[in-house]
Structure formats: structure tokens, C-alpha cells
Amino acid sequence: MTRILSVASECAPLVKTGGLADVVGALPAALAALGDEMRTLLPGYRAVMKQAKPAKSVATFPSLFGGPARILAGKAHGLSLLVLDAPHLYDRDGGLYAGEDGNDWPDNPERFAALSYAAAFVARNGAGDWAPEMVHGHDWQAGLTPEYMHAMTDGLGDVPFVFTIHNIAFHGNASADRIGALGLSPTRFTADHFEFWGQVSALKAGLTGADTLTTVSKTYAEELMTPAYGMGMDGVLRARRADFSGIVNGIDTHTWNPATDPQIKTYKSARGKRPNKTALRKEFGLGKSDGPLCVLISRLTHQKGIDLLLDALPALTWRGGQLALLGSGDTDLEVALLERAAAEPNVSVRIGYDEALSHRMMAGGDAILVPSRFEPCGLTQLYGLRYGTVPLVALTGGLADTVINASPAALAARAATGVQFNPITAEALANAFTHLCDLYAQPKVWADLGKNAMKHPVGWETSAAEYAALYRQLLPG
Ligand code: ADP
């Protein structure tokens with residue numbers, strides 16, 4: 001049994017803005033099934049403080065980055081939590097990373113330096129009667145952990161640090177004049193440690209300081225070592241190739257289970273989707289049509305290829321295909337989508353974040369669209385597989401690893417689960433819509449796709465075993 005401290009800035013179902021939260025929330029139970037014990041250190045945002053009860057103080061800091069703080073041990077939703085209660089950093093209106101005006105909190109470097117410091121503190125001193133054998137940090141918010149661990153032990157006797165990249169786009173940079181305020185060592189402000197083009201990079205600190213690096217799919221791991229995807233960190237990652245691997249995410253197959261989902265008319269085979277489709281059309285104000293009903297649930301950003309979708313959409317709608325879209329994000333994309341929906345009866349758009357609706361969409365849609373320019377793992381295509389909702393995805397990252405393209409050979413072998421397109425352009429996406437409509441027009445072929453999709457394993461079992469094996473390799477003897 002390995003004892004692991006997980007450190008992250010979000011964790012479902014307590015606080016979530018994206019897929020990171022799902023992974024951090026699901027891994028402890030998946031590992032527990034294999035005999036490992038994971039506790040999760042989170043910032044004491046208001047939502048976390050409300051849910052983590054009863055909470056017992058296991059460490060106090062008279063002053064941590066500008067105010068008093070303590071670490072509380074508690075439980076919520078079956079998770080064993082350590083919560084960094086630091087009201088001056090986390091007790092505020094607004095989002096996890098940005099205020100209500102949409103701008104990043106100016107003290108984000110300190111807010112997540114504090115989280116990383118608390119992780120290093122627990123690694124060194126334990127938390128109450130529990131002491132981790134290693135730390136597993138996620139994304140830049142946990143990236144400074146090895147720096148603080150190194151400072152606390154002078155590099156001697158650090159426990160191993162595993163670092164997982166969920167999205168390389170966020171570097172957690174701070175200007176160099178904050179090195180002192182962040183409690184970092186100026187002698188380590190070098191390209192080997194946390195210096196990145198003259199700035200402090202929390203992400204780079206994690207990439208250089210970790211004993212082992214992972215990301216959330218094998219294809220994304222390979223992509224990250226190329227200039228096109230590495231966002232400036234490709235060289236750092238190439239240098240660490242021997243320690244870098246991809247482990248694809250699973251999904252929570254209890255929450256996402258078409259046979260029991262309380263949001264839908266439950267079903268065990270893709271044939272059972274029909275009443276959900278009727279209900280979904282009604283909910284989105286879409287009429288009857290001959291083509292596939294496509295759904296998309298996403299942050300609305302350039303990464304997610306929403307602009308490509310807008311350009312390619314006529315290839316779907318002229319064949320009678322429909323689109324029901326749920327998302328929020330960049331204002332210009334929201335506006336463009338709403339304008340399209342107003343002009344095109346086969347397109348309907350909901351701006352917002354709505355988990356219950358996302359379940360009904362997954363059950364009612366024929367196909368789920370994920371036209372991302374890059375996608376570390378992607379979760380909605382996995383929900384789609386589970387619900388027999390055929391994924392149409394860009395050939396990148398985890399989308400490449402989790403969907404089997406409906407090539408003639410894969411169709412003949414009855415292995416195909418979806419449609420992939422490459423290169424990631426509006427033209428290729430339009431061609432993929434044509435392919436999708438052709439497949440949909442052949443009821444036997446389409447039924448096979450749904451059946452194959454629902455057979456594809458999407459739970460955590462395999463991936464949790466890969467993490468457990470990786471942890472064991474880091475322990476002595
Ligand atoms: P990312 O982490 O890049 O946003 P992922 O596909 O890995 O993308 O994870 C996104 C998660 O957030 C999924 O669980 C998805 O269902 C959910 N999600 C995204 N946007 C919405 C929305 N508007 N309403 C409900 N759920 C959403």
C-alpha cells in the first residue's frame with residue numbers, strides 16, 4: 001500500500017472548472033480499490049470550506065504569504081482531504097482563478113505558491129498521524145512543490161514528486177522581482193529549475209523538479225515534446241523523455257451510467273437512446289430532421305476548435321444534421337454561436353454551465369463533437385462512448401488514443417467507435433461531417449458504431465493500475 005499526497009487546485013465534485021477536477025476527484029477511489037491511500041490537498045476556497053467537514057487542524061502557520069493559515073484534515077464526498085485554510089488567499093467572491101471581471105487574480109502566484117508550500121510541509125512533517133510516502137502534483141498550481149521541498153530538506157531526504165500535466169497552456173508565470181516574496185531561492189532562478197525567459201514559471205519548476213512526469217494520454221505526451229504543442233516547454237520535456245509518460249484519464253462510470261442516470265430515460269443499449277433524443281430536441285427547440293443530432297459540451301475557446309465548427313457546420317446541416325451546443329467562454333464565440341442558432345433552425349445553443357443538461361445531451365445525441373486543436377485527454381468523447389453517442393473528434397492528444405476511426409478496415413472488423421479528422425482544419429471537419437452523415441444513413445453500420453462505443457472500456461481500472469505501478473517504482477526496494 002502506497003500513501004500518496006495529491007495536490008491540486010480543483011477536485012470534483014467540490015470545485016471544478018475542467019477535466020483536471022474530474023481526474024483529481026476520481027483517482028483516490030480508483031487507487032483505494034488497488035490498496036493505495038491517496039489524500040488530496042486543496043485550497044480552502046469558500047466552496048471547499050463549506051463541504052469539508054468535520055475538519056481538524058493539523059498544522060498552523062502564523063503567516064503564510066501575507067496572513068495566517070492552517071491545514072485542516074476533513075472528509076467530503078468520500079474523499080480524505082487536507083484543506084489549506086488561508087482566508088486572505090481563498091475566501092473571496094469570484095472564480096477559482098479569476099475575479100468576477102474575468103481577470104486573473106493578481107495574487108495567483110502567491111495563492112498557489114501557498115498550496116505548493118503546504119504540500120512540501122506535509123511531505124516533510126506529515127499531517128496529524130498521517131505521512132505521505134510521495135507527492136503527486138497536478139498542473140502549475142502544484143508546480144513549486146519540489147522547490148519548497150528542496151528548500152526544507154536542502155535536497156536531502158525529499159520524498160518523490162510525481163507531476164502530471166493536464167494542460168501545458170497555463171504556465172503560472174510571475175515576474176522575477178517576486179522571487180523573494182514567493183520564498184524561492186534566487187540561486188535556483190536558472191534554466192535548470194524555475195526560470196523561464198526571465199520569469200518565474202511554476203510549471204517549469206514542476207517539470208524540472210519532478211522525479212517522474214506524466215500527462216493524460218500517450219499521444220499528448222509525444223505531442224508535448226514538439227514545438228507545435230509544447231508551448232515553449234518542449235525542450236524541457238525532451239530532456240526528460242526517459243521520465244515522461246502518458247496515462248489516459250478514465251471517467252466516473254457511476255455518475256456517467258446510461259443504465260442508472262437519474263437525468264435521463266435510462267437504457268442499456270444504444271437503441272434506448274431514442275426517447276432521450278426526442279426529449280432533447282424538445283428541450284433545445286429543434287424540429288424533426290433526417291440527419292444525426294450532434295451535441296457539443298465545452299469551454300468555448302480557440303483550443304476547442306469552435307471557430308472551425310462554425311465554418312464547417314453547413315456540411316452537417318445541409319444533410320439534415322442538427323447541433324445542440326452547451327458551453328461558455330470567449331464572448332466573440334458565444335455571440336457567433338448565438339447568431340448562427342438564430343439564423344439556422346437546425347442549430348440550437350445554450351450559453352452556460354449545466355451538468356444535468358450535459359447528461360441529457362449525452363443520452364439524447366447521436367454524436368458528440370470534439371473538434372479541438374489540441375486536447376490533452378478530453379472527457380466528453382469518453383462520456384459519449386459510454387452512452388453510445390458516437391464521437392466525432394480531431395486526431396490529436398487523447399482524442400487520438402480513445403476513439404477508433406470508422407475506416408473501412410475498422411468498420412469491417414466491427415471495431416470502429418467514431419470518426420476522426422486530420423488535419424485540424426474546417427475543411428477536414430466538413431469532410432468528417434459528410435462521413436458522419438453517410439454512416440448515419442446506414443442504420444446497421446450506425447448501430448454497430450453505437451454498440452462498439454458502449455463496449456469500449458472508459459473506467460479508471462486500467463489507468464489507476466498504471467499510476468499505482470508508477471508510484472511503486474519510485475519507492476525504495
Ligand atoms: P477541459 O478540461 O479542457 O475543459 P475536458 O473535456 O477534459 O476539457 O473536461 C471538460 C469537463 O467539463 C467535462 O466533464 C465536461 O462535460 C465539462 N463541461 C465543460 N463545459 C461544460 C458546460 N458548459 N456545462 C456542463 N459541463 C461542462
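Start at 1 and go down the list; that is how both ligands and their atoms are numbered.
With sequence neighbours excluded, the residues satisfying side-chain hydrogen bond (donor to acceptor under 3.5 Å, both in side chains) with Y387 are D261. In terms of the ring-ring contact (aromatic ring centres under 6.0 Å, His included) criterion, F433 has no residue partners (sequence neighbours excluded).
Between D234 and R238 there is a salt bridge, with a side-chain nitrogen of the basic residue lying less than 4.0 Å from a carboxylate oxygen of the acidic one.
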Less than 3.5 Å apart, N/O on ligand 1 and N/O on the protein: could you list those pairs with the distances?
{"residue": "ligand 1", "atom": "2 (O)", "partner": "G19", "partner atom": "N", "Å": "2.7"}
{"residue": "ligand 1", "atom": "3 (O)", "partner": "R299", "partner atom": "NH2", "Å": "2.8"}
{"residue": "ligand 1", "atom": "3 (O)", "partner": "K304", "partner atom": "NZ", "Å": "2.9"}
{"residue": "ligand 1", "atom": "4 (O)", "partner": "R299", "partner atom": "NE", "Å": "2.8"}
{"residue": "ligand 1", "atom": "6 (O)", "partner": "L379", "partner atom": "N", "Å": "3.0"}
{"residue": "ligand 1", "atom": "8 (O)", "partner": "K304", "partner atom": "NZ", "Å": "3.1"}
{"residue": "ligand 1", "atom": "9 (O)", "partner": "G19", "partner atom": "N", "Å": "3.3"}
{"residue": "ligand 1", "atom": "14 (O)", "partner": "K16", "partner atom": "NZ", "Å": "3.0"}
{"residue": "ligand 1", "atom": "14 (O)", "partner": "D22", "partner atom": "OD2", "Å": "3.4"}
{"residue": "ligand 1", "atom": "14 (O)", "partner": "Y383", "partner atom": "OH", "Å": "2.7"}
{"residue": "ligand 1", "atom": "23 (N)", "partner": "G352", "partner atom": "O", "Å": "2.8"}
{"residue": "ligand 1", "atom": "24 (N)", "partner": "D354", "partner atom": "N", "Å": "3.0"}

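Here the options are W140, F112, F196, the test is ring pair (Phe, Tyr, Trp, His ring centres under 6.0 Å), and the partner is H171; only F196 passes.
Checking Y220 against E222 by side-chain atom types alone, no donor-acceptor pair falls below 3.5 Å.
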Donor-acceptor list for residues 14-28 side chains, cut-off 3.5 Å, not counting sequence neighbours:
{"residue": "K16", "atom": "NZ", "partner": "D22", "partner atom": "OD1", "Å": "3.1"}
{"residue": "K16", "atom": "NZ", "partner": "D22", "partner atom": "OD2", "Å": "2.9"}
{"residue": "T17", "atom": "OG1", "partner": "E10", "partner atom": "OE1", "Å": "3.3"}
{"residue": "T17", "atom": "OG1", "partner": "E10", "partner atom": "OE2", "Å": "2.6"}

